[in-house]
S.K.: 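What follows is a single structure, and I will ask about it in a moment.
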Amino acid sequence: MIDIGVNLSNPRFAKDIEETLDRAQQAGLEKLILTGTSIDESRAVVELCENHSQDFPKMLYATAGIHPHDASTLNRESIGMLRDIAAKPQVVAIGEMGLDFNRNFSTPAEQEKAFEAQLELAVECQLPVFLHERDAAERQLQILRHYRDHLVDAVTHCFTGSKQALFGYLDLNMHIGITGWVCDEKRGQELQQLVSNIPLERLMVETDAPYLLPKTMLEPPKGKRNEPAFLPWVIKGVADYRKESIEQITRATRNNALRFFRLDR
Ligand SMILES: [Zn+2]
């Protein structure tokens, strides 16, 4: 199994990273892509990959990017710094990046500026993009249409949007990342109905840990912290709503992630 979205630099993992990685390995996780959400966090996740590469060889990879919430931090030096981080061998994608008009922690104008600057960087580095989008599908699609032909590949991580948004992304030949949102009886209803529309070869899975603990877990951990070892619950949710086997989803999402992020086997 490959978890394509783990926020391992989150302070909630500070005390037990080794144990978290051990549990992931024991649960059958082969590789994790650690999400970079700002310059500092991107540096931090690359450092985590480096620090744990001896004990967990070929297991840890990272993305380098600026999350839309952090778009207001973009300055003249940001893209140059991201370019340097992206040159590290552990970095397999640019992002997360995109638009989030749900909370607008940065203004829409700041978000668009940071988004386009990172898309251009991804084109330049020829790395795939790891996208975030919330309540902004229409504008995100407009911008992506402009860049898509020049991007090596793109995945919308933690997809929770509408049918229209999903088909818009699929029309652009993009991949879709599914989290434990699909396990949520209330909030996940729309996604549960849509998930079977994703072609198997465009599907990937992620925990988005420490967020989005799968609500189907029989014995949720105290503190409700999600971690990569819980990815099987996401896979089970996806398999159930697609009426496919767990083995089928596991195999396809693994192959897709290996190919998409160009990971060493
Ligand atoms: Zn996100």
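Throughout, numbering of the chain's residues begins at 1 and tracks the sequence. Whatever order the structure lists them in is the order used to number ligands and atoms, beginning at 1. Since we're looking at a predicted model, the values are computed, not measured.
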S.K.: Among the N, O or S atoms that Glu96 has, which is closest to the Zn ion (ligand 1)?
M.R.: OE1

S.K.: Could you give the distance from CG (Asp3) to CE (Met59), rounded to the nearest 0.5 Å?
M.R.: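 So the gap between those two atoms works out to 9.5 Å.
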
S.K.: Evaluate Leu141 against Glu133 for side chain to side chain contact (heavy atoms under 4.5 Å, CB included), listing each step before the verdict.
M.R.: CA-CA 10 Å; Leu141 277 162; Glu133 178 264 305; over 6 Å; no

S.K.: Looking at His132, which of its N, O or S atoms is the nearest one to the Zn ion (ligand 1)?
M.R.: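 The His132 atom nearest to the Zn ion (ligand 1), restricting to N, O or S, is ND1.
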
S.K.: If the cut-off is 2.8 Å, does any N/O/S atom of His67 fall short of it from the Zn ion (ligand 1)?
M.R.: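 So His67 does not count as coordinating the Zn ion (ligand 1).
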
S.K.: Looking at Arg225 and Glu227, is there a salt bridge between them, counting it only when a charged N and a carboxylate O are closer than 4.0 Å?
M.R.: yes

S.K.: Under the salt bridge (Lys or Arg N to Asp or Glu O under 4.0 Å) criterion, do Arg254 and Glu30 qualify, and how do the steps go?
M.R.: CA-CA 9 Å; Arg254 172 183 183 272; Glu30 193 185 345; 2.6 Å; yes

